[in-house]
Amino acid sequence: MNLLLYALIAGLMFGVFFAAVSIGLNLLFGVMRIVNVAQGDMMVWGGYLALTLYEVFHIGPLFAIPLVFVVAVLCGGIAYYGLMPRVLRAPDPSLVSLIVFFGISEILQAVAMIVFGADQRFLPRELLGGDRTVYMFDHAYPVAWFIVGSVSAVIVVLVFAYLYKTRLGYATRAIMSNRGEAASVGINVSRISAINFAIGIGLAAIPGCLVTFIYGNLSPSSGLELTIIAFAVVIIGSMGKPMGALLGGIIYGIATALMQVYLSSWSTFFPNALLLVIMLIRPSGLLGSRAREA
Amino acid sequence: MKHKTALSTTTIVVLLLLLLAGAGNVLVSNQALLVDILMFAALTQGVNMLYGYTGYMPFGYVAFFGVGAYGFAISVKSLGLDPWLALLCGGVCGMILCILIAPLLRLKGAYFAIATLAAAMAVKELIANPALTPITQGPYGMDVSDVLAASKSYWSLTVILVLSTVAAAYLKFSRFGLSLRAGRDNERSAATAGIDVVRGRVVTLCGSGLIGGLTGAAYAWNIAFFYPDAVFGVNLSLFPVIFVIFGGAGTVLGPLVGAAILYSLYVFVGVSNPQYFQLLYGILIVFLLLFAPGGIAAILRRIGIRVF
């Protein structure tokens, strides 16, 4: 019983973190119908940026988050105007964007390898609580998990506040539900798409600041695994629906934690298999409508 | 008339491939390199069969290759089959996997690509799982050095490459291939015209998986010992995808030319400096998709040369 509680609590914290990891992917897909397979590599770059900020300027990971966000948003803005006009003109934008972002993922990995080397790196654990633990229901949880979980929750809440409480957010949701109608009521679709593209890239990068405290070390090649997780989360929830990222993240987190507690040798098989099963039996995700749009 | 030209051109291409394989076997001392070239060329044609004619992008094509390699190794080791029969078993394993994942054809575009990638990773984790050690040796690798036959496996790879090239030519010039392309361009219109779109796609997927499985089996026969990571490496499906796009999807020669050019680039730059090759490769993908989505074949067509 206590083991079950342990899995549920740990899964919830991981789940909120996974929600923060995948919300950028979901925003990009919702607004632009494009698939960012470089999500994980952008996150790895966010992590390396946080590491560099710490080593050079002694800025901790929590203060690095806004800085990384700003840098990534700027990069995203530049990338939007360089890439998107051509991608959106292609006959099948979602497939073309998938392959283009795959190319970007290769570039990001290669540059990370050249700049930072192939070694596994991590931020010092002392920055987020070190070895201290919280004791609940006969089990010890690292303090870092709670900090990462709460920071991720703040990120998710901020994204929701942006989408539901600001003018820009209203316009964004209008574009998500129908591009053509949004344009016909006077929303500047291309400008708002550009802003959301940049924000989506920013959101892809910031979980990198936290990832070494909860999930694993940073190395240039760890991006693919993170991308697959983000995809599983988004597809469980349903692509293009921000609430889906939160639901998917929590389901994925708890399911992974249960697998690790009860069937640990199958825990690497599980995310891929879950992704497949969901795609086969409910291709539009748990919150999805019946029609496929991409 | 058109069919006669297609037939004679296919014959010339096949003879050329056999000649190149024979000349390589005699002239080139680095057999491992030749095997890699044949393997990538066959996989590229396999991807081309599916992507070029049905528009489905198999990002996880490596699954068929890996399953073929394991099918071969298990047939030889556990069932004690003759290597030739085991080779066929490898191909059949690829086809069985195709039938299992055929429901994924309901997904479109990017979804299908991601789903097949997830399928490939799931199959790999399943095979490499320590719990399956008695059958697949789990993560510890398969040893089939008892039946090692470098020359036989080399020629079987060549035959598989020829087979896949003939299949690509068939899809390009036959009525069946035309119906596939109709289904790719407009599913509803094709169905209205009486084409069984789904059947065509499933058949093509199985053909493509058969090629992948056979290639994996012949490769396993040639290298004699392999780990799950070696036969399920992501590059094994991503390289062919890029070769196809670079050469021109939906042509017979384009993918082969793409594989030849890019793979030589890989051999000259990539082996000694993998990260610089990866950088170049990424930049190439982005530029290709943005500026020449039809690959070399489309560029040639623009200046008036029709690519076979």
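Just so it is clear: chains get the letters A, B, ... in the order the sequence lines come, proteins before strands, and each one is counted from 1.
Atom CG of B:Leu279 and atom CD of A:Glu106 lie 10.0 Å apart (nearest 0.5 Å). Atom-to-atom distance recorded for B:Tyr111:OH and A:Ile235:CD1 is 7.0 Å, nearest 0.5 angstrom. Interatomic distance, A:Leu276 CG to B:Ile114 CD1, rounded to the nearest 0.5 Å: 11.5 Å. One distance of note links CD1 of B:Ile283 with CD1 of A:Ile104; it measures 11.0 Å at 0.5 Å rounding. Remark: B:Gln278 CD to A:Gln109 CD distance equals 4.5 Å, nearest 0.5 Å. Separating the CG atom in B:Leu289 from the CZ atom in A:Phe101 is a distance of 11.5 Å, to the nearest 0.5 Å.
For B:Leu288, no part lies under 4.5 angstrom from a heavy atom of chain A. In this structure, chain B has heavy atoms under 4.5 Å from both the backbone and the side chain of A:Ile99. Within the 4.5 angstrom heavy-atom criterion, no atom of B:Tyr56 approaches chain A. Of the atoms belonging to B:Phe287, not a single heavy atom falls under 4.5 Å from chain A. Neither the backbone nor the side chain of A:Ile34 has a heavy atom closer than 4.5 Å to any heavy atom of chain B. Proximity to chain A (any heavy atom under 4.5 Å) is restricted, for B:Ile242, to the side chain, taken from C-beta onward.
Most heavy-atom pairs under 4.5 Å with chain A, from the set B:Val286, B:Leu284, B:Leu280: that is B:Val286. The candidate from A:Thr227, A:Val111, A:Leu98 with the greatest count of non-hydrogen atom pairs under 4.5 Å with chain B is A:Leu98. The most heavy-atom pairs under 4.5 Å with chain B, out of A:Leu224, A:Leu108, A:Val100, come from A:Val100.
Between B:Val241 and A:Phe102, the closest side-chain pair of non-hydrogen atoms is not below 4.5 Å.
Along residues 118-126 of chain B, the residues that come nearer than 4.5 angstrom to chain A, judged on non-hydrogen atoms, are B:Ala118, B:Ala119, B:Met121, B:Ala122, B:Glu125, B:Leu126 in order of number.
Dense packing is recorded around CD of B:Gln275, with more than 12 heavy atoms of other residues, nucleotides or ligands lying under 6.0 Å away.
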Output, in order, the C-alpha distance, side-chain angles, deciding distance and verdict of side-chain contact (heavy atoms from CB on, under 4.5 Å) for A:Phe231 and B:Leu117.
-> CA-CA 11 Å; A:Phe231 270 107; B:Leu117 187 61; over 6 Å; no
